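What follows is a single structure, written as structure tokens, with notes after it.
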Amino acid sequence: MPDWSYHPLKKLLLNKLHAKTSREFLHKSMSTIASTPGGRSVIGFLGHMNPPRELQQNIYRTKFSSPIGLSGHIDPNMSGLNAFQELGFGFLEIGPIVLYGPSDKKEPKWEKGKLLFSNQQEKVPLKLVIKKLTRLNIRIPIIAKIDAQVTRNEWEIIVQHLTPYVDAFIGTPKQIHSYITTNRSQCLDRSFYMSFSPDELDNNNIQLKDLTQHSCIGGVVINAPRQTEGSYWYEATHANELLTKTIKRVKALFPELIVITSGGVETPEDAFSLVRAGTDLFMLTDGYVKAGPGLPKRIHERLLYEEVQPLNNQNWYWSFLFGLSILIGGIIALYFAITSIILPYDEAFIGLTKADILQVNPLILAFMSHDRMALAGTMISGGIIYIQLARHGIKYGMHWAKITFHSAAIIGFLGIFLFIGFGYFDWLHGLFWLVLLPIYYFSYREGKKIIDFPASSHGKNDRTWKLGLYGQLMFIILGFSIIVGGIVISIIGVTNVFITTDVSFLCMSPQMIDTLSNNLIPVIAHDRAGFGSALVSVGLLVLMLSLWGFRKGEHWIWNTLAIGALPAFIAGVGTHFYIGYTTFIHLLPVYFLIILYFTGLVLSYPFLKKK
């Protein structure tokens, strides 16, 4: 559930539900998707959240693909464990773990925009932990937090049973000190991290110095400062600032100590301040609930903005030429659609000249012109978007831009098989694809080494960002709708060819048209199926550009969507008024797309266009 869907749903529904109800609904839904065949690919497609390789690190023989983890407070029942590993996290904390489930526990609650956790918080029994970890295919490190009330004997049982399944343990200094003094030979299998609050750390510097000299101690976990409200607690208002000061102090005393933080992060800027202070790993808590599932991805981009040097430009000229060729092809197709409409080889196949068709029913040529003009406008729009992806994405090594470019291009090439669905092969289209194939081949080759992730300096959860999410949602719906429309038109093109409003406009049934020439409907079908295929390709461009390209100040994304969609809309609507085919029901889907288009432009303008 990316941010563009999470925040509208959260506002409309989730905030009105009990905190646990909304939590379990989200976690179980995501895990169900991740568990179904192809579900992980769907999550990856929607979010594109895999951590960039530049942020990988190894700590005590454990590989962390990202410094970002998720606190066990967010998923105490481990119901979303299977999905969280797909959302960009480098590790997951589970717990607090107890030997047996507590009889007295209280769930978190929302109150005045704050997520409150009970002092008798939810805890996970050992039996449930083992059941979950043995059933799920977890591919990222798991850190087990043992409850502070667990006794020495219970601690040893929990550690013994979980050592095969987890990569590290978190406990209190007292628990860890008691364990390692009696199990020096056994504790080397896993690292142990001592959990402190900033206040506790101030009083334990001497103890910390002694404990950190032991080989079993991996480091410390510093929890964000808390404030209490009755029997509940929540993170302090300036938790990030206080946490940053504590980290700097600890790192000044123990430079080599591994420091993990829990909480204090609501924005990418908060995460960057912790990393800059010396944090090695950090776990998200209620900030993740407030900011949304896209927070890890946004943090990655913020960290990359500081860490990664400017990239050398990649080869992109063949990709640019591919887009330019489609643009020129669309302009040529538009010229023929407005002027001659059908070409000599069309006449030869149909067995009728243009004049013959005009004598029988001039509306037939007008109808063919409307399909061909719509196809031409769609090609021009696609060409513009391909050019922009080449100039601003592939040129700078953006992996997402390469995937967008080639996915749509391959679908476009496959659409040629729809052209011949009724036995008519358009030689001009065939020649055009033959010219495009070598250009695309070299475009594909020049993009093989493109693997880089985008970076962004945007670090706030401000109103502009939230408006941008709604604008992004409009364009995602727009792209998806175009794809659906293209599929429907393609199916119609290779089956019935005409819909009810088409027949009403032509004032002729398909049987009557067939009596004029057996080959006239195949030509119309080929135009219709080709138009549908082009729509699917352009819909993919719009969808993936909207899914993966939205970042603060990326003005070229806004320009691409604003300019790129215009030719298709102008041709799509203009051709209907040009020939007089203005039936409201027939044009209603186009009007819906135009509303989405303008709404998306308005909402996303401050986010994309303003630096």
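None of these values were measured; they are calculated from a predicted model.
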Sequence neighbours left out, cut at 3.5 Å: what donor-acceptor pairs do the side chains of residues 367-377 make with other protein atoms?
from	atom 1	to	atom 2	distance (Å)
S369	OG	A337	O	2.9
H370	ND1	F367	O	2.9
H370	NE2	H576	NE2	3.3
D371	OD1	R528	NH2	3.2
D371	OD2	R528	NE	3.2
D371	OD2	R528	NH2	3.4
R372	NE	D527	OD1	3.1
R372	NE	D527	OD2	2.8
R372	NH1	I341	O	2.8
R372	NH1	D346	OD2	3.1
R372	NH2	D346	OD2	3.4
R372	NH2	D527	OD1	3.4
R372	NH2	D527	OD2	3.3

#### Entry: Residues H406 and Y440: side-chain donor-acceptor under 3.5 angstrom
yes

### Message
Please tell me whether S35 and N82 have a donor and an acceptor in their side chains that are separated by less than 3.5 angstrom.
### Response
yes

### Aromatic ring pairing F405/F322, orientation class (parallel under 30°, perpendicular over 60°, tilted between)
tilted

### Task
Please test K609 against N559 for side chain to side chain donor-acceptor pair (under 3.5 Å), starting from the C-alpha separation and ending with a verdict.
CA-CA 9 Å; K609 290 288 282 185; N559 294 341; 2.9 Å; yes

### Message
Please find the pair of heavy atoms, one from P52 and one from L304, that lie closest to each other, and give the distance.
### Response
CG-CD1, 3.6 Å

### Task
Flag the pair P510 / V497 as yes when at least one side-chain heavy-atom distance between them is below 4.5 Å, and no otherwise.
no

### Message
Determine whether T339 and Y335 satisfy the following criterion, side chain to side chain contact (heavy atoms under 4.5 Å, CB included), listing intermediate values before the conclusion.
### Response
CA-CA 6 Å; T339 55; Y335 171 77; 3.8 Å; yes

### Message
My understanding is that only residues two or more places apart in sequence, or in another chain, count here; which of them pass salt bridge (Lys or Arg N to Asp or Glu O under 4.0 Å) with E301?
### Response
R551

### Task
Check the pair Y386 / S537 against side chain to side chain contact (heavy atoms under 4.5 Å, CB included), numbers first and verdict last.
CA-CA 11 Å; Y386 281 125; S537 181; 3.4 Å; yes

### Message
Could you tell me if T353 and D356 have a donor-acceptor pair between their side chains, going purely by distance under 3.5 Å?
### Response
yes

### Query
Is any side-chain heavy atom of F432 closer than 4.5 Å to a side-chain heavy atom of I332?
no

### Message
Checking S319 against E446: is there a side-chain donor and acceptor pair closer than 3.5 Å?
### Response
yes

#### Entry: Residue pair T560 / I387, side-chain heavy-atom distance below 4.5 Å
no

### Message
Before you tell me yes or no, could you show the steps for F505 and H586 under ring-ring contact (aromatic ring centres under 6.0 Å, His included), namely the whole-Å CA-CA distance, both residues' side-chain angles and the distance that decides it to 0.1 Å?
### Response
CA-CA 11 Å; F505 171 75; H586 181 70; 8.9 Å; no

### Summary
Between E266 and G287, the two heavy atoms sitting closest are CG-CA, 3.6 Å

### Message
How long is the straight-line distance from CD1 of I524 back to CD1 of I364, given to the nearest 0.5 Å?
### Response
6.5 Å

### Task
Compare every heavy atom of L473 with every heavy atom of P8, then report the nearest pair and how far apart it is.
CG-CD2, 4.0 Å

### Task
Please determine if K354 and E347 form a salt bridge, counting it only when a charged side-chain N lies under 4.0 Å from a carboxylate O.
no

### Task
Go through the steps to decide whether L587 and Y581 satisfy the test side chain to side chain contact (heavy atoms under 4.5 Å, CB included), and finish with yes or no.
CA-CA 9 Å; L587 288 175; Y581 187 2; over 6 Å; no

#### Entry: Minimal non-hydrogen separation, F349 against N519, with atom names
O-ND2, 2.8 Å

### Query
CD of E54 to NE2 of H300: how many Å apart, nearest 0.5 Å?
11.0 Å

### Query
Only one of F475, W400, F45, F453 forms a ring pair (Phe, Tyr, Trp, His ring centres under 6.0 Å) with W548, so which one is it?
F45

### Query
Would you say the side-chain atoms of S443 pair up with the backbone N or O of I439, donor to acceptor, closer than 3.5 Å?
no

### Task
Starting from the C-alpha separation in whole Å, work towards a yes-or-no answer on ring-ring contact (aromatic ring centres under 6.0 Å, His included) for F607 and H458.
CA-CA 10 Å; F607 182 67; H458 184 241; 5.6 Å; yes

### Message
Testing the basics here: between D3 and G294, what is the closest heavy-atom pair and its distance to 0.1 Å?
### Response
OD1-N, 2.8 Å

### Task
Starting from the C-alpha separation in whole Å, work towards a yes-or-no answer on side chain to side chain contact (heavy atoms under 4.5 Å, CB included) for L545 and L561.
CA-CA 9 Å; L545 192 76; L561 292 168; 3.6 Å; yes

#### Entry: Proximity of H27 and F84 rings by center, below 6.0 Å
yes

#### Entry: Distance (rounded to the nearest 0.5 Å) between T495 OG1 and F498 CZ
11.5 Å

### Query
Do R302 and E269 pass the salt bridge (charged side-chain N to carboxylate O under 4.0 Å, His left out) test, and can you show the C-alpha distance, the side-chain angles, and the key distance before you say yes or no?
CA-CA 7 Å; R302 181 65 183 91; E269 198 62 42; 3.0 Å; yes

### Query
How far does CE of M398 sit from NE2 of H392, to the nearest 0.5 angstrom?
13.5 Å

### Message
Please determine whether side chain to side chain donor-acceptor pair (under 3.5 Å) holds for the pair S604 and Q472, giving the CA-CA distance in whole Å, both sets of side-chain angles, and the decisive distance to 0.1 Å.
### Response
CA-CA 7 Å; S604 62; Q472 184 182 13; over 6 Å; no

#### Entry: Gap between atom CG of L478 and atom CD1 of I483 - 0.5 Å precision
10.0 Å

### Task
Compare every heavy atom of W433 with every heavy atom of G412, then report the nearest pair and how far apart it is.
O-CZ2, 3.8 Å

### Message
Less than 3.5 Å apart, any donor N or O on the side chain of N315 or K395 sitting next to an acceptor on the other?
### Response
no

### Message
Under a 3.5 Å threshold, yes or no: a donor from one side chain and an acceptor from the other, between R391 and Q388?
### Response
yes

### Query
Rounded to the nearest 0.5 Å, how far apart are OG of S456 and CD1 of I299?
12.5 Å

#### Entry: ring-ring contact (aromatic ring centres under 6.0 Å, His included) between Y288 and F89, worked out
CA-CA 12 Å; Y288 179 72; F89 289 106; 5.4 Å; yes

